[in-house]
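Before any comments, here is the structure.
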Amino acid sequence: MTFTALHRALGVAPGPLTDELLDAAVSGGVVEANDLDWKSELPPAKGLPQTDFPKDVAAMANSGGGVIVFGVRESQKAATERVDVGEFDEAHERSLRSAAITAISPPVFGLNVHRLGNEGKRAVVVEIPSSLDGPHLIYRNDYFGAPVRNDSDTVWMKERQIEAMYRARFDERRHATEALNNLFTEAAGGRNSGERAWLIAVAHPRVPRFRDRLTRDEARAVLTKTEGLALTYAGRGGVHPLESVDRHNPRPGLRRWVAVNTATGERSTWRESWMSIHHDGSVTLATAVGGHRMSSDSYFEGSQVQSTGLECGIADFMGLLRATAEATDNDEYDIRVGIEWTGEQPLTILTTDNFGQTFDGVSTPLHYYTPVETTVNAVEPALDYYWHVHDLAQDCVNQGGVSNVRMIQPPERTDQQ
């Protein structure tokens with residue numbers, strides 16, 4: 001589901017970009033605007049960075065996002081007819097995405113490219129997301145400029161406009177940090193971190209796409225999809241927080257759905273977990289990772305954390321993030337993962353030796369666990385996201401002296417993939 005300038009101009013609800021939608025826009029003579037640009041021809045794949053394409057993309061990104069439609073002829077800024085843009089293959093699409101990254105600074109990520117129509121009226125729609133990283137600059141030889149949309153035209157920003165956009169970028173970053181801080185503090189609140197260590201993981205969309213709140217059934221579907229993703233990332237060789245929350249009956253909270261803890265018995269509290277899906281697309285996880293059970297009647301110390309427990313927690317959290325992003329139409333997220341422990345003993349992360357026995361010979365005692373932060377596109381290709389799951393988990397265990405993750409093993413990337 002998406003909502004673009006075409007949907008807005010036609011007064012239709014969010015939905016897929018279709019050939020019928022484009023036909024209706026052309027028939028209705030929709031006029032170009034800040035977020036809509038008609039083009040009759042595709043730029044050539046060869047030498048694409050030297051064409052106007054990077055400037056047009058940067059202008060859209062600097063103006064709050066929009067769409068460029070290739071395959072529509074216009075007159076006096078109004079669409080008049082469809083024009084066939086010819087063959088558009090995967091290599092040409094990669095060239096478009098590459099130009100948005102290499103020819104613009106900072107790069108514009110997350111382009112959505114849609115192929116519409118059959119031979120005779122083939123069109124390509126490039127959807128440019130809103131960005132918090134403006135101003136996006138175009139470099140030509142020894143000169144640079146910041147393009148921006150002015151209604152249907154592309155113009156160059158003046159110095160004061162560039163200054164204002166940089167100020168807005170820094171303000172947005174501060175607000176994003178505050179949002180992440182609030183989520184983390186709330187998720188960590190009330191945990192018995194003096195008795196056992198807790199993994200706290202939170203994520204907030206960089207540009208929240210507010211839409212209708214998820215229903216209980218939709219939240220349940222997100223949790224069901226999360227389970228499949230988590231098992232893909234980490235398998236069943238460890239303790240998954242998902243096994244300790246009520247996935248089938250999420251409960252309402254303050255602008256969120258909460259998967260409440262089900263590990264309530266005296267012999268189950270060591271795996272206590274909580275998950276939440278916020279209406280703006282944010283997600284949180286709080287799960288006990290210290291003091292896990294070794295056998296039926298023995299437990300690790302509250303300060304001892306198994307690396308496999310961290311991996312399972314990261315896999316479940318990142319699965320929840322991806323499933324939520326798809327359900328709420330969000331993409332880029334800021335992420336923070338930390339371990340809360342306030343006991344007297346230093347925190348240690350345990351791994352296993354080649355015989356599967358617990359091993360702490362490489363552990364670095366930690367009196368404070370520094371939260372790991374990163375930014376990820378939660379709807380990027382599956383293999384790229386899988387590697388982000390791996391890299392985040394590796395950062396988390398590396399801090400405790402453990403070199404490698406053991407459970408999260410994505411396939412190698414290839415040029416074809």
Side-chain angles (χ1 to χ4, degrees), residues 2-7 16-19 21-22 25 32-74 79 82-119 121-131 133-140 144-149 152 154 207 329 331-332 377-385 413-417:
T2 186
F3 187 77
T4 68
L6 292 178
H7 295 83
L17 270 173
T18 64
D19 196 46
L21 192 71
L22 183 54
E32 290 179 325
N34 262 18
D35 54 357
L36 175 62
D37 194 6
W38 301 122
K39 302 283 187 183
S40 59
E41 297 180 353
L42 271 170
K46 186 175 182 180
L48 193 61
Q50 281 70 52
T51 69
D52 281 342
F53 180 73
K55 181 181 74 171
D56 294 335
V57 170
M60 285 285 186
N62 285 335
S63 306
V67 292
I68 304 173
V69 182
F70 298 96
V72 173
R73 184 171 287 127
E74 53 88 15
R82 297 279 295 269
V83 182
D84 192 289
V85 296
E87 191 68 32
F88 181 72
D89 57 16
E90 187 176 344
H92 203 155
E93 180 177 337
R94 282 200 301 269
S95 297
L96 295 180
R97 296 183 189 278
S98 176
I101 295 172
T102 60
I104 302 173
S105 181
V108 177
F109 295 101
L111 294 190
N112 287 322
V113 181
H114 308 269
R115 297 175 175 88
L116 303 179
N118 299 315
E119 189 170 353
K121 61 170 192 175
R122 289 169 292 190
V124 173
V125 180
V126 178
E127 188 180 353
I128 297 100
S130 177
S131 173
D133 296 324
H136 296 275
L137 307 178
I138 301 298
Y139 288 84
R140 293 285 173 84
F144 72 88
V148 66
R149 295 285 289 179
S152 61
T154 296
V207 184
D329 195 30
D331 43 34
E332 282 199 338
N377 182 350
V379 293
E380 65 188 347
L383 181 57
D384 292 337
Y385 189 78
R413 296 184 179 99
T414 66
D415 291 340
Q416 288 73 31
Q417 291 171 317

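The figures here come from the full heavy-atom set of this structure, side chains too, leaving out hydrogens, waters and symmetry mates.
- Of the possible donor and acceptor atoms, none in the side chain of Asp331 sits under 3.5 Å from a partner among the backbone N and O of Asn377.
- No more than 12 heavy atoms of other residues, nucleotides or ligands lie within 6.0 Å of CG in Asn118, so this atom counts as exposed by the packing criterion.
- To the nearest 0.5 angstrom, Ser40 atom OG is 12.0 Å from Asp84 atom CG.
- Panel note: side chain Thr154, backbone Val148; no donor-acceptor pair is recorded below 3.5 Å.
- Taking CH2 of Trp38 as the reference point, atom OG of Ser152 lies at 12.5 Å (rounded to 0.5 Å).
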Stepwise side chain to side chain contact (heavy atoms under 4.5 Å, CB included) test for Asn62 and Arg149: CA-CA 8 Å; Asn62 285 335; Arg149 295 285 289 179; over 6 Å; no
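- Of all heavy-atom pairs spanning Gly134 and Ser131, the tightest one is N-OG, 4.1 Å.
- Here side-chain hydrogen bond (donor to acceptor under 3.5 Å, both in side chains) pairs that include residues 102-117, with residues two or more places apart or in two chains, are Glu93-Arg115, His114-Glu127.
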Ile68 vs Val125, side chain to side chain contact (heavy atoms under 4.5 Å, CB included): CA-CA, chis, key distance, verdict: CA-CA 6 Å; Ile68 304 173; Val125 180; over 6 Å; no
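- Residues Val72 and Val69 share a closest heavy-atom pair of CG2-CG1, 3.8 Å.
- Remark: Asp19 pairs with Arg82, Lys121 by the salt bridge (Lys or Arg N to Asp or Glu O under 4.0 Å) rule, at least two apart or across chains.
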Trace of the side chain to side chain contact (heavy atoms under 4.5 Å, CB included) decision for Leu96 with Phe53: CA-CA 8 Å; Leu96 295 180; Phe53 180 73; 3.8 Å; yes
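- Note: Glu90 CD to Ser95 OG = 11.0 Å, rounded to the nearest 0.5 Å.
- Contacts classified as salt bridge (Lys or Arg N to Asp or Glu O under 4.0 Å) and involving residues 57-74 (residues at least two apart or in different chains) are given here: Arg73-Glu81.
- Residues Val113 and Arg97 are in side-chain contact: their nearest non-hydrogen atoms beyond the backbone lie under 4.5 Å apart.
- Contact record, Leu21 with Pro16: CD2-O, 4.3 Å, taken as the closest heavy-atom pair.
- Of the possible polar contacts, one joining the His136 side chain to the Pro106 backbone as a donor-acceptor pair under 3.5 Å is found.
- Identified under the side-chain hydrogen bond (donor to acceptor under 3.5 Å, both in side chains) test for residues 45-61, with sequence neighbours left out: Lys39-Asp56.
- Ala378 is linked by a side-chain contact (heavy atoms from CB on, under 4.5 Å) to Leu321, Ala325, Tyr333, Tyr385, counting only residues two or more places apart in sequence or in another chain.
- In terms of the salt bridge (Lys or Arg N to Asp or Glu O under 4.0 Å) criterion, Glu119 has no residue partners (sequence neighbours excluded).
- Using a 4.5 Å cut-off on side-chain heavy atoms (C-beta onward), Phe109 and Pro129 make no contact.
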Pair Ile104-Leu137, side chain to side chain contact (heavy atoms under 4.5 Å, CB included): steps then yes or no: CA-CA 6 Å; Ile104 302 173; Leu137 307 178; over 6 Å; no
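- Remark: Asp133 engages Arg206 in a side-chain hydrogen bond (donor to acceptor under 3.5 Å, both in side chains) (not counting sequence neighbours).
- Between Ile101 and Val108, every side-chain heavy-atom pair lies at or beyond the 4.5 Å cut-off.
- Applying the salt bridge (Lys or Arg N to Asp or Glu O under 4.0 Å) rule to Glu380 yields no partners; only residues at least two apart in sequence or on another chain are considered.
- Residues Ala123 and Leu22 share a closest heavy-atom pair of CB-CD2, 3.7 Å.
- Under the ring-ring contact (aromatic ring centres under 6.0 Å, His included) criterion, the residue pairs touching residues 85-104 are Phe88-His92, with sequence neighbours excluded.
- Shown here are the side-chain contact (heavy atoms from CB on, under 4.5 Å) partners of Ala5, two or more places apart in sequence or in another chain: Arg8, Asp35, Leu36, Val67.
- Although no hydrogens or angles enter the test, the distance criterion places no donor-acceptor pair under 3.5 Å between the side chain of Arg122 and the main chain of Leu116.
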